Amino acid sequence: MKVLVAVKRVIDYNVKVRVKPDNSGVDLTNIKMAMNPFCEIAVEEAVRLKEKGVASEIIVVSIGPKVAQEQIRTALALGADRGILIETDEEVQSLQAAKLFKAVVDKEQPQLVILGKQAIDSDNNQTGQMLAALAGMGQGTFASEVVVEGDKVNVTREVDGGLMTVALNLPAVVTTDLRLNEPRYASLPNIMKAKKKPLEMTTPADLGVDVAASLKIVKVEEPATRSAGIKVADVAELVEKLKNEAKVI
Ligand code: AMP
């Protein structure tokens, strides 16, 4: 079966994010970019399905500028078979991303679509759900286990207070949570081999999707800085401070 995986290029999770002085967004100048960690988990899951003989082909798709080819190449080095870059310099929001993926789904007809549960740049946690709705597919979000059985997939979901397992008819959409798997590293020979794997370039216009934003970002601000803590001598002093300074008891 064909598996489609969405991989997003985002700021590397180790980088301390800087907000632009005019508060219009995040400053991306000279910033290290990488594959969104939840997308790495999505690629790993697809590769494991291929190793088990369940998946026959893995297609990775990214939406972004030309340099997002780097993240597609990384996924190809990890075991994906071919890539599609939907090239745009616009900032594509979740609904428009979902419409683009829907267009690719219509064309490629995958049995399983795996996305990250969220992209760590905007933390939206929307694209997979929106894609499932647009494509009329079942969705298994926040997956910590994915088991394909015939024409069904059982997805164990991380929900508040425990785990919930849902059985979905294929084709279906799955979004990955942190405990689904531990992604592998790409070996040097595989990085070299990945350079020869097919990478198709397309655009939102080719796919007939308007990527104009449906939400306007009003303001982006850094989190408030926390003031330093203090040590108290004993419980009596703690209670006195909670009562008279913090006024919380
Ligand atoms: P979000 O809903 O923005 O938090 O993103 C959830 C998931 O959707 C990500 O982990 C990706 O798998 C996928 N996704 C969203 N935007 C893009 C994009 N521009 N390119 C590739 N994948 C994306």
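For the single chain, residues carry numbers from 1 onward in sequence order. As the structure lists them, so they are numbered: ligands from 1, and atoms in each ligand from 1. The model shown is predicted, which means the values in this text are computed figures rather than measured ones.
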Would you say Ile120 and Phe38 make side-chain contact, with heavy atoms under 4.5 Å?
yes
Which residue holds the protein heavy atom closest to atom 16 (N) of ligand 1, what is that atom called, and what is the gap in Å?
Lys8 CD, 3.5 Å
Would you mind reporting whether Val47 and Lys50 have side-chain heavy atoms less than 4.5 Å apart?
no
Can you name the atoms of ligand 1, numbered from 1 with element, that are less than 4.0 Å from a heavy atom of Ala119?
1 (P), 3 (O), 4 (O), 5 (O), 6 (C)
With the threshold set at under 4.0 angstrom, would you say Ser94 reaches ligand 1 through any of its heavy atoms?
yes
Report the C-alpha distance between Thr156 and Thr165 in whole Å, list the side-chain angles of each, state the deciding distance to 0.1 Å, and finish with yes or no for side-chain hydrogen bond (donor to acceptor under 3.5 Å, both in side chains).
CA-CA 4 Å; Thr156 303; Thr165 303; 3.2 Å; yes
Does any part of the side chain of Leu85, heavy atoms only, come nearer than 4.5 Å to the side chain of Leu199, both counted from C-beta?
yes
Considering distance alone, does some N or O of Asp123 sit under 3.5 Å from an N or O of ligand 1?
no
Ligand-residue contact atoms, ligand 1 with Val7, heavy atoms, under 4.0 Å:
20 (N), 21 (C), 22 (N)
Please could you name the atoms of ligand 1 that Cys39 approaches to less than 4.0 Å, counting only its heavy atoms?
9 (C), 10 (O), 11 (C), 12 (O)
Decide yes or no for Thr203 and Leu207: does some side-chain heavy atom of the first lie under 4.5 Å from some side-chain heavy atom of the second?
no
In this structure, are over 12 heavy atoms from other groups packed under 6.0 Å from Glu200 atom CD?
yes
Taking the non-hydrogen atoms of Asn125, is any one of them nearer than 4.0 angstrom to ligand 1?
yes
With respect to Ala6, determine whether any N or O atom, backbone or side chain, lies less than 3.5 Å from an N or O atom of ligand 1.
yes
Gly128 versus Thr175, closest heavy-atom pair with distance
CA-CG2, 3.9 Å
Beyond-backbone contact of Val147 with Val153, side-chain heavy atoms, under 4.5 angstrom:
no
Using a strict 4.0 Å cut-off to heavy atoms of Leu115, name the atoms of ligand 1 that fall inside it.
8 (O), 12 (O), 13 (C)
Ranked by distance from atom 14 (N) of ligand 1, the top protein heavy atom is Phe101 CE1, 4.0 Å
Is there side-chain contact between Lys32 and Ile11, with heavy atoms separated by less than 4.5 Å?
no
Report yes if some N/O of Ile63 lies less than 3.5 Å from some N/O of ligand 1; otherwise report no.
yes
Min over Ser62, Gly116, Gly128 of heavy-atom distance to atom 6 (C) of ligand 1 lands on Gly116
Identify which of Val10, Val43, Thr127 has a heavy atom lying nearest to atom 8 (O) of ligand 1.
Thr127
